[in-house]
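Convention: sequence-line order gives letters A, B, ...; per-chain numbering from 1.
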Amino acid sequence: MRLYNTLGRKKQDFIPVNDNKVSMYVCGITAYDLCHIGHARSSVVFDVLYRYLRHTGYDVTFIRNFTDIDDKIIKRANEVGKEAGDIAEKFINEFYVDMDKLAVLRPDIEPKCTEHIPEMIALTEHLIGKDHAYSTPSGDVYFKVRSFEGYGKLSGRNIDDLESGARVDPSEEKQDPLDFALWKSAKPGEPSWESPWGLGRPGWHLECSAMSEKYVPLPLDIHGGGQDLSFPHHENEIAQSEAATGKPFANYWVHNGFVQINSEKMSKSLGNFFTIRDILDKFLAETLRYFLLTMHYRSPLDFSFDALEEAEKGIKRVYAALAQVDVELEKSKWKKSPFPEELVTEFDEIEKSWKEAMEDDMNTAGALGHVFSAIRLAGRIAEDKNLRKSEGGRDLFIRIQENMKVWGSVLGIFERVPAEFLTELRDNRAARAGIDPAKVQGLLDARKDARKNKDFEKSDAIRDELAAMNVEVKDTPQGATWDVA
RNA sequence: GGCGACAUAGCCAAGUGGUAAGGCAGAGGUCUGCAAAACCUCCAUUCUCCGGUUCAAAUCCGGAUGUCGCCUCCA
């Protein structure tokens with residue numbers, strides 16, 4: 001597989017340090033609020049990477065941390081009059097609720113910052129011992145940025161340029177404005193831990209360095225996170241870890257692009273954000289997940305409810321085709337009539353293309369394009385009287401179905417029983433449109449009677465009435481069904 | 001100010017040297033009591049603009065314009 005490495009800014013062949021063992025560390029959330037779509041994107045992107053690596057046969061150790069102590073959590077706790085630990089616990093639980101709905105698999109290891117204080121203290125002491133860090137009279141510890149030669153290599157920054165733009169808070173006792181905190185002395189009333197420098201708590205960047213080192217050998221094969229973490233967070237992690245160990249921290253740095261609203265970054269500080277809950281109030285989680293995968297993970301993704309509705313049409317079409325395949329495969333008799341070999345070849349190509357897309361820097365958008373090609377192929381066979389009854393057709397239906405299972409398991413979508421999903425999607429759309437399913441069913445029953453009596457005038461009148469409610473009637477051999485127009 | 005990314009049809013979006021995937025919308029057709037769905041066909045001689053390299057460029061190089069991001073907590 002090829003992966004775009006932020007370190008070096010180009011796609012590279014992905015080669016793990018240890019054969020088929022892969023270590024992957026992704027920066028998780030700071031647990032102080034509900035997650036927004038940006039978190040959803042990052043989680044889904046790395047979930048797909050995790051799934052794909054496992055699919056291709058790697059033995060992956062996936063670590064995703066929780067930052068459960070930091071300024072924002074403390075601030076939030078003070079606002080609502082609770083303990084910081086309670087806030088963190090609450091929002092970690094809420095995070096799981098969202099992630100489970102989005103079908104994001106649990107990582108193998110989910111370390112929490114507060115459970116690794118000793119490791120972080122040890123790392124800090126080690127860095128002081130190597131003269132890469134220093135403590136101050138008030139009990140803070142800072143990393144000496146200028147003592148680490150490679151500083152700026154990930155984000156492509158020049159240390160002197162940074163210096164000129166650096167701001168210094170007068171309350172800080174930094175030797176250099178670029179230095180960043182490894183350990184922060186506690187202010188009265190703040191959660192704190194004993195340390196050689198007095199009561200305090202770890203700086204944000206420290207946890208990833210300490211916790212990744214604890215659970216897997218460095219260098220990490222993959223380190224990931226949102227694009228905004230590359231500087232300063234990941235740059236600082238590199239400085240800490242590499243200064244301490246003398247080894248590279250991570251070989252492949254993978255960063256996902258932002259979610260934007262009207263082409264502007266969505267962020268808490270701008271206030272233009274939607275939480276995952278906001279979306280799932282209206283749309284199915286699978287629709288959101290599908291939407292997130294329709295764009296390459298590094299591109300900015302412009303979110304809007306209109307775009308989500310479009311995505312919904314896409315996923316509906318895929319499931320509708322899968323439902324059709326299910327129906328076809330329920331037949332028990334198949335004819336030995338000839339089946340065009342080129343259709344089989346066409347599917348061979350689709351299968352190959354899907355893999356190529358995923359191999360090329362996890363191009364889920366491209367891969368989904370090929371899913372649609374498979375879907376259309378299924379539709380073409382189902383449409384043709386002879387093909388759909390032939391053994392060749394059956395075999396290709398089965399192949400399409402089996403491949404969709406594999407593709408779906410990698411992408412984390414298309415895994416539901418199609419008919420069930422379609423009903424759920426319809427009810428979801430009906431709820432959004434304010435349609436009462438029971439009332440619709442009543443009208444459909446009345447229409448059924450009218451049609452039985454060949455009273456098409458009445459039948460059409462009922463359909464018009466339903467149409468006025470935004471309900472579309474579909475007559476099928478199995479009876480009438482409905483959908484939201 | 002420093003650093004960086006992006007610019008592909010009405011909209012969304014793949015495509016990083018070999019002659020423009022896919023989705024949505026739209027048009028025509030098959031099917032249907034009429035519809036809907038599905039399927040078929042059509043829908044970018046061209047990839048923001050201007051130069052250059054090359055047998056060959058959306059893809060590489062230079063410049064212009066525009067949009068966005070990082071440099072401060074942020075996925």
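For RNA chain B, the stems formed by at least three consecutive Watson-Crick or G-U pairs, with both atom-pair distances below 3.5 Å, span B:1-7 with B:65-71, B:10-12 with B:22-24, B:26-30 with B:38-42, B:48-52 with B:60-64.
For the pair A:R157 and A:F231, the cation sits on the ring face: its NZ or CZ lies under 6.0 Å from the ring centre, inside 45° of the axis. Under the 6.0 Å distance and 45° angle rule, A:R298 counts as a cation-pi partner of A:Y4. Geometrically, A:R51 does not engage A:F62 in a cation-pi contact, judged by NZ or CZ lying under 6.0 Å from the ring centre and within 45° of the ring axis. For the pair A:R426 and A:W482, the cation-pi criterion (under 6.0 Å, within 45° of the ring axis) is fulfilled.
Shortest non-hydrogen contact noted between A:D302 and A:S263 is OD1-N, 2.8 Å. Here the shortest heavy-atom pairing between A:E207 and A:N65 reads OE2-ND2, 2.6 Å.
Note that the CD atom of A:Q324 and the CD atom of A:E383 stand 8.5 Å from one another [nearest 0.5 Å].
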* To do: Please step through side chain to side chain contact (heavy atoms under 4.5 Å, CB included) for the pair A:C208 and A:E237, ending with a clear verdict.
  => CA-CA 7 Å; A:C208 299; A:E237 287 180 22; 3.2 Å; yes

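Here B:A37 is the nucleotide among B:A14, B:G2, B:A37 with the atom lying nearest to any side-chain atom of A:K474.
A close approach under 4.0 Å does occur between a side-chain nitrogen or oxygen of A:N363 and OP1 or OP2 of B:G15. Within the 4.0 Å cut-off from OP1 or OP2 of B:A38, not a single side-chain nitrogen or oxygen of A:R380 is found.
A:T345 places a side-chain N or O within 3.5 Å of a backbone atom of A:E341 that can act as its donor or acceptor partner. For the pair A:D13 (side chain) and A:R2 (backbone), a donor-acceptor distance under 3.5 Å is absent.
Evaluated for a side chain to side chain donor-acceptor pair (under 3.5 Å) with A:H255, the options A:D228, A:T6, A:N5 yield exactly one hit, A:T6.
Base contact: A:S459 has a heavy atom under 4.0 Å from a base atom.
Distance A:N158 CG to B:C3 P: 9 Å, rounded to the nearest Å.
Between A:D475 and A:Y297, it is A:Y297 whose nearest contact on RNA chain B lies nearer the 5' terminus.
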* Could you run through nucleotides 16-30 of chain B and give me one letter per nucleotide, 5' to 3': B if any protein heavy atom sits under 4.0 Å from the base, S if only the sugar-phosphate is that close, - if neither? => S----BSBSS-----

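Evaluation of atom-type donor-acceptor distances gives no pair under 3.5 Å for the side chain of A:R157 against the base of B:G4.
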Output a table of nitrogen or oxygen pairs between the protein and nucleotides 73-75 of chain B separated by less than 3.5 Å.
{"from": "B:C73", "atom 1": "O2'", "to": "A:K72", "atom 2": "NZ", "distance (Å)": "2.4"}
{"from": "B:C73", "atom 1": "N4", "to": "A:S269", "atom 2": "OG", "distance (Å)": "3.4"}
{"from": "B:C74", "atom 1": "O2", "to": "A:K265", "atom 2": "NZ", "distance (Å)": "3.4"}
{"from": "B:C74", "atom 1": "N3", "to": "A:K265", "atom 2": "NZ", "distance (Å)": "2.9"}
{"from": "B:A75", "atom 1": "OP1", "to": "A:H39", "atom 2": "NE2", "distance (Å)": "2.7"}
{"from": "B:A75", "atom 1": "O5'", "to": "A:H39", "atom 2": "NE2", "distance (Å)": "3.2"}
{"from": "B:A75", "atom 1": "O2'", "to": "A:G226", "atom 2": "N", "distance (Å)": "2.3"}
{"from": "B:A75", "atom 1": "N6", "to": "A:M266", "atom 2": "O", "distance (Å)": "2.4"}
{"from": "B:A75", "atom 1": "N1", "to": "A:V259", "atom 2": "N", "distance (Å)": "2.8"}
{"from": "B:A75", "atom 1": "N3", "to": "A:G38", "atom 2": "O", "distance (Å)": "3.3"}

